[in-house]
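Have a look at the structure below, then the notes.
Quick caveat: nothing in here was measured; it's all calculated off a predicted structure.
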Amino acid sequence: MTAGRRQSPIATSLVALALGAVVIMALAALLDVTVFTSPAARRAVQISAAIAYATQLAGFAILSRLRRWNVMAAWGLSALLRFAALAAYALSLKALALPAESALISLVTFFFVTTLAEPWLLRS
């Protein structure tokens with residue numbers, strides 16, 4: 001950052017979320033890969049991580065944009081977004097030829113861990 005030039009709070013928060021989500025998901029993926037060892041399961045974990053990351057970025061953008069208006073409504077919308085992503089992923093597993101157990105458990109794990117980190121990331 002240069003002198004006289006300030007980043008907006010939303011941009012700072014999005015950068016914090018992006019970095020936090022990468023670290024958190026990398027740790028969660030490491031745990032999932034040690035449990036799910038087949039190549040198909042590892043592929044499912046990687047796809048789940050990508051879906052969770054994109055969904056969490058969108059959810060955080062909603063949350064950071066609407067939190068001044070109504071924090072609970074914003075959190076509810078981001079929760080609905082995660083639920084919709086989970087449902088769409090569950091319905092598409094057969095077409096993607098992914099094992100349901102590893103795909104859904106890893107996606108839920110990623111959502112859970114990143115949701116726990118949301119309050120910390122919002123304060124940054």
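When all heavy atoms are compared, the tightest approach of A85 to T55 is CB-OG1, 3.6 Å.
Legend: salt bridge (charged side-chain N to carboxylate O under 4.0 Å, His left out) pairs involving residues 78-93, not counting sequence neighbours, sorted by first then second residue: R82-E118. Within the structure, no pair that satisfies the salt bridge (charged side-chain N to carboxylate O under 4.0 Å, His left out) test touches residues 44-59, not counting sequence neighbours.
Grouped by direct or indirect side-chain proximity (heavy atoms under 4.5 Å, Ile/Leu/Val/Met/Phe/Trp/Tyr only), L91 sits alone. Apart from L30 itself, the hydrophobic cluster it occupies contains nothing, where clustering links Ile, Leu, Val, Met, Phe, Trp and Tyr at side-chain heavy-atom distances under 4.5 Å. Through direct or indirect side-chain contacts shorter than 4.5 Å among Ile, Leu, Val, Met, Phe, Trp and Tyr, V108 is connected to I47, I51, L86, Y89, L93, L96, L98, L104, L107, F111.
To the nearest 0.5 Å, atoms CE (M72) and CG (L77) are separated by 11.5 Å. Taking CG of L80 as the reference point, atom CH2 of W75 lies at 15.0 Å (rounded to 0.5 Å). Rounded to the nearest 0.5 Å, atoms CD (Q46) and OG (S102) are 11.0 Å apart.
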**Request:** Apply the test side-chain contact (heavy atoms from CB on, under 4.5 Å) to residues F110 and S48: give CA-CA distance (whole Å), side-chain angles for both, the deciding distance (0.1 Å), then the verdict.
**Result:** CA-CA 8 Å; F110 296 140; S48 295; 4.0 Å; yes
Would you list the atom pairs, donor with acceptor, under 3.5 Å between side chains in residues 33-40 and any protein atom, with sequence neighbours excluded?
from : atom 1 : to  : atom 2 : distance (Å)
T34  : OG1    : L31 : O      : 2.6
S38  : OG     : A41 : N      : 3.1

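Under a hydrophobic clustering in which Ile, Leu, Val, Met, Phe, Trp and Tyr are joined whenever their side-chain heavy atoms come within less than 4.5 Å, directly or via other members, V45 and V22 fall into the same cluster.
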